[in-house]
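Data block below; observations after.
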Amino acid sequence: MNEEKEYLRIKEAACFIKERTGDFVPEILAVLGSGLGSYAQSENVRKVCEIEYSEIPGMPKSTVKGHAGKFVFGYVEGKSVMFMQGRVHLYEGYSPLDAVLPIRIARVLGATKLILTNAAGGVNTSFEPGDFMLITDHISCFVTSSLNGENIEELGTRFPDMSEVYSLRMQETAEKICNNLGINLKKGVYIQLPGPQYETPAEIRMIRTLGADAVGMSTVIEAIAARHAGMEICAVSCITNMATGISAQKLSHEEVQVIANKSEKNFKRIMTELAKSM
């Protein structure tokens, strides 16, 4: 797909959404990961409207259990927020361009800030299921860049700088928020692998050698596309399990959802304060 066709796809989807949302202009895009999507339907959000991904022209559909597959538009503490209640992943058969399409749509609609969340496996042995980890940096491993192909000049430069993908200002804000809330926020490096299979013990040993603290199947390509488009990013992982070989427990998506749901109360508190502070 050439850059002209891809930018047209982004603009068509943005125009369709704009017809439904009217005067609503999102300041923030918040991507809600596995088991964390209920925030968009909570009392913390003064909802304006919601749109199913399947209604939007050119928009990929979310097929994973626990990902509702819709945009929710509303206000959190006076800030206009566009929520992704579920994302799409490469392992669902989508291209990197498909996976980051929602990020680019939000940018065209006016969003300048991005909150990324995910459910991740803990690689750092000091972590425990239920912990939250502030992502300070990332590693892309065996994942094709979302900037592959012709550059979309309207969004950003061909060779974007990645020396500060995750805003230091936002990291400081997130740390202060969690300190005030009495939530123990860990910090670390997140690595994205393609999935959908969980990692082998040998792969986890490789990941630890590379310097990652948590592993998952999303987020990095989204962050790259957002940074390319000039968005300011804050990202938080919910550690839902310890990675293969660190824990003897067998891994399952159901376990991921259970732990994420148990962490829901603190997640809502963090999300609300983050949105308010951005």
Side-chain angles (χ1 to χ4, degrees), residues 24-42 44-48 50 67-68 70-88 99-107 109-120 132-138 146 164-178 180-181 183 185-188 190 192 214 216 218-239 260 263-278:
F24 183 92
V25 177
E27 300 170 67
I28 303 165
L29 173 65
V31 182
L32 303 175
S34 295
L36 304 172
S38 63
Y39 182 85
Q41 304 293 341
S42 71
N44 304 87
V45 180
R46 180 164 63 84
K47 189 161 61 173
V48 172
E50 56 183 57
H67 289 256
K70 64 174 74 171
F71 287 120
V72 177
F73 303 84
Y75 293 92
V76 178
E77 298 286 343
K79 294 292 181 72
S80 56
V81 185
M82 175 179 176
F83 293 96
M84 282 183 69
Q85 197 174 0
R87 52 161 52 91
V88 295
V100 303
L101 179 63
I103 306 293
R104 289 171 160 170
I105 291 171
R107 183 69 189 95
L109 286 170
T112 58
K113 296 178 175 63
L114 173 64
I115 301 174
L116 288 168
T117 70
N118 61 50
F132 291 102
M133 185 192 85
L134 181 66
I135 299 177
T136 58
D137 205 345
H138 72 229
S146 48
E164 190 187 317
V165 178
Y166 305 95
S167 164
L168 291 175
R169 182 188 74 83
M170 288 190 180
Q171 288 182 49
E172 290 173 3
T173 299
E175 287 186 84
K176 287 177 184 175
I177 287 168
C178 289
N180 291 338
L181 294 174
I183 296 171
L185 181 67
K186 304 295 177 68
K187 296 167 67 175
Y190 174 91
Q192 178 180 348
S218 67
T219 304
V220 170
I221 57 171
E222 296 163 336
I224 290 170
R227 203 62 212 104
H228 172 252
M231 298 178 80
E232 192 177 11
I233 306 165
C234 183
V236 178
S237 293
C238 178
I239 304 300
S263 304
E264 184 178 40
K265 183 179 177 181
N266 279 340
F267 177 71
K268 285 181 177 179
R269 295 166 73 203
I270 293 170
M271 274 293 300
T272 299
E273 293 301 316
L274 260 182
K276 183 169 70 173
S277 303
M278 291 176 79

Is it true that a side-chain atom of [X] and a backbone atom of [Y] form a donor plus acceptor pair closer than 3.5 Å?
X	Y	value
Arg87	Val31	no
Lys47	Gly74	no
Ser80	Glu27	yes

Approximate separation, where rounding is to 0.5 Å, of [X] [atom1] and [Y] [atom2]:
X	Y	atom1	atom2	result
Glu273	Cys178	CD	SG	10.0 Å
Asp137	Tyr166	CG	OH	7.5 Å
Ile233	Met170	CD1	CE	8.5 Å
Thr117	Ile115	OG1	CD1	9.0 Å
His138	Arg227	NE2	CZ	11.5 Å
Gln171	Lys176	CD	NZ	13.0 Å

Quiz question: by atom type and distance under 3.5 Å, do the side chains of [X] and [Y] form a donor-acceptor pair?
X	Y	result
Thr272	Asn44	yes
Thr219	Gln192	no
Gln85	Gln41	yes

Exercise: identify the closest heavy-atom pair between [X] and [Y]:
X	Y	value
Val48	Phe24	CG2-CD1, 3.9 Å
Glu232	Ser167	OE2-OG, 2.7 Å
Ala275	Lys79	O-CG, 3.3 Å
Ser146	Ala225	OG-N, 3.7 Å
Ala106	Met82	CB-SD, 3.8 Å
Ala99	Val88	CA-CG2, 3.7 Å

Within-4.5 Å side-chain heavy-atom neighbours: [X] and [Y]:
X	Y	value
Pro26	Phe83	no
Asn266	Leu181	no
Val76	Met271	no
Thr173	Met278	no
Cys234	Leu134	yes
Phe71	Leu109	no
Lys276	Ile177	no

Among Leu116, Val220, Val165, Asn118, which residue satisfies the side-chain contact (heavy atoms from CB on, under 4.5 Å) criterion with Ile135?
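Testing each of Leu116, Val220, Val165, Asn118 against Ile135, the sole residue satisfying side-chain contact (heavy atoms from CB on, under 4.5 Å) is Asn118.
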Just wondering, are more than 12 heavy atoms of other shown residues or ligands nearer than 6.0 Å to NZ in Lys187?
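No.
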For the pair Tyr39 and Phe267, name the ring-plane relationship: parallel under 30°, tilted 30 to 60°, perpendicular over 60°.
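If you compare the ring of Tyr39 with that of Phe267, the planes turn out perpendicular.
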